[in-house]
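Letters go in sequence order (proteins before strands), and every chain restarts at 1.
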Amino acid sequence: MIYLDNAATTLKKPKAVKKAMMQAFDFAGNAGRGGYDGATLAGEYIFSARERAAELFGVDDCVNVVFSYNATHALNMAIKGIASKNAHCVVSGYEHNSVIRPITSLAKNGVTYSVARGKLFDPEEMLENFEASLKRNTGFAVCTHVSNAFGYILPVFEIDELCFRHGIPLIIDASQSAGSIDIKMNRLKATVCICAPGHKGLYGPQGTGILVCRDGRELATIIEGGTGSMSNEKEQPKELPDKFESGTMNVPAIAGLSEGISYVLQRKPESIFEYEQELIEHLARELAKMRKIKLFSSVENKLQSGVLSFCVEGVSPERVAELLNSRKIAVRSGKHCAALAHETAGTEFGTVRVSVSDFTLKGEVEIFLKSMFDIVTKI
Amino acid sequence: MNEIYLTVHSLTNAQKMKKILTRSGINAKIVRPELSLSEKGCAYAVLISEKVFAETIEILEMYRIMPVRAFVKNEYGEAREINL
């Protein structure tokens, strides 16, 4: 199979990921639940992952790295942990449902929100609209770093600066950027949380995510329970990371994630980005030559990550994906759980999305292009 | 030689402490102390030798990570709290 759905999850991982998972599966006990060797080993796997994530995301104290089940879980912790009753929040027009749905749920408690829209690949307009959406009672803002539907790199660093000037805490959804675009908490000013999946650009297994906090003590919890610590207390411990890590952790998955992060640290996000850009640039250039294809691209302006969306005139995105699947090529079609992004970009019928990773081969891209050429020729 | 139990509330803090001490050449081990050493229930302790106690506290102060309490245990397992 030629796998071009890396924006959903990366399929090919560094070999060390699986090896660490198998070792943890065979030998690790329950982290923080005992003093025996297996429990200690489990704790060591998690601590190693926490320290590596702290290094990658520029966090001085690794207690501010919290493990979650996925980016959606991390975003829920961040958004619901920060939102006060009746607060107003601003989001970009390119948010995923993992942002829009928690906020819509909070609307039942009086939270209101404004959407800062802006044309696709127009960061200046996004910045202007973001500022215009801020109100006197704006309590927080959420912005995706990269649109999962279009690969559009939003101006999060400028939005961070803007929020800082207005004294508004910012939550960044780094679902599509973590691992391929360097984002560090200690270089940001207003950002209080960075949320990332472990199973995409960090090359960990599915079922892992990370909530990076500036100071997690200020965030409320959304779940409480056993932490293996301070068990006489009925109240949830205030100490991090225990405050946010109730219940048994997925130790084998976190052991794998630790190796995925180690790979990214060694390879460096900028090198991964450069390689993915090379692939996406080639894809965009060649697809643009084909008839009936409408591309959503701004690769030449460096406003796009390793995600590329397109439509084929007269054929639904689902049909295109089906035709590609019959040739053993995996791409995603539809709205990519980001209806708001499609509404903002004016692509109500969805798109076909191709997304690459550091493990995508140039030859695989060529086979995809040849298949697309065949498909559009036969239409 | 007596042992010192430096108690902390969370495993992560114990791990941070152990890493700092190990890097500084101090032999440290993470253990689950008996509940009598922790009024809040299950906790963790970093175990060190009594002879490096003063040096340990100096290092931990430098890194701004301090134990909640400290206990000295003699060879018969009797524990006594000591000032930090």
Side-chain angles (χ1 to χ4, degrees), chain A residues 28-55 59-67 211 213 215-217 225-249 251 254 258, chain B residues 2-49 56-57 59-73 77-79 81 84:
Chain A
N30 197 335
R33 303 300 194 271
Y36 57 92
D37 292 350
T40 304
L41 178 68
E44 283 168 5
Y45 277 124
I46 292 178
F47 187 63
S48 147
R50 211 182 294 286
E51 286 212 306
R52 284 171 176 171
E55 185 185 343
V59 178
D60 298 329
D61 189 344
C62 73
V63 299
N64 280 306
V65 172
V66 173
F67 291 110
L211 168 68
C213 302
D215 184 354
R217 289 173 302 180
T227 56
S229 58
M230 301 173 80
S231 40
N232 287 351
E233 303 286 303
K234 289 194 174 68
E235 291 276 335
Q236 184 74 357
K238 289 186 171 55
E239 268 189 59
L240 288 157
D242 298 24
K243 181 179 171 182
F244 297 107
E245 291 181 350
S246 291
T248 296
M249 309 277 283
V251 177
I254 293 171
S258 181
Chain B
N2 290 339
E3 289 174 323
I4 302 280
Y5 285 70
L6 305 170
T7 64
V8 289
H9 290 320
S10 85
L11 173 60
T12 311
N13 273 335
Q15 290 170 318
K16 279 169 58 183
M17 221 175 247
K18 182 190 168 190
K19 187 179 172 187
I20 289 165
L21 294 175
T22 307
R23 275 188 180 171
S24 307
I26 291 173
N27 197 13
K29 188 183 170 192
I30 298 172
V31 293
R32 277 283 214 185
E34 53 214 73
L35 290 174
S36 59
L37 303 190
S38 163
E39 80 275 21
K40 294 193 173 184
C42 302
Y44 287 87
V46 174
L47 188 64
I48 55 162
S49 161
T56 294
I57 296 302
I59 292 164
L60 295 178
E61 274 175 344
M62 203 163 72
Y63 283 91
R64 295 178 185 177
I65 176 167
M66 289 297 283
V68 180
R69 295 165 81 185
F71 296 88
V72 60
K73 241 183 186 183
E78 296 159 340
E81 186 163 6
L84 282 166

task = Answer yes or no: is there a side-chain heavy-atom contact under 4.5 Å between A/T40 and B/I30?
result = no
query = Going by heavy atoms in the side chains, are A/E51 and B/Q15 under 4.5 Å from each other?
reply = no
task = Would you mind checking which part of A/L240 comes under 4.5 Å of any heavy atom in chain B, side chain (CB onward), backbone (N, CA, C, O), both or neither?
result = backbone
key: Options B/L11, B/T12, B/V31, ranked by heavy-atom pairs under 4.5 Å with chain A, top entry   = B/T12
Above 12 or not: heavy atoms from other molecules or residues under 6.0 Å from [atom1] of [X]?
X      : atom1 : value
A/D215 : CG    : yes
A/Y36  : OH    : yes
B/K73  : NZ    : yes

Give, for atom [atom1] of [X] and atom [atom2] of [Y], the distance between the pair rounded to the nearest 0.5 Å.
X      : Y     : atom1 : atom2 : value
A/F47  : B/K19 : CZ    : NZ    : 5.5 Å
A/K238 : B/S10 : NZ    : OG    : 14.5 Å
A/E233 : B/H9  : CD    : NE2   : 8.0 Å

query = Under the 3.5 angstrom rule, does the side chain of B/Y44 hit a backbone N or O of A/G32 as a donor-acceptor pair?
reply = yes
task = Evaluate the criterion side-chain contact (heavy atoms from CB on, under 4.5 Å) for residue pair A/V63 and B/K16; output intermediate values, then yes/no.
result = CA-CA 9 Å; A/V63 299; B/K16 279 169 58 183; 3.8 Å; yes
ask   = Hey, which of A/P241, A/P237, A/G228 has the most heavy atom pairs under 4.5 Å with chain B?
value = A/G228
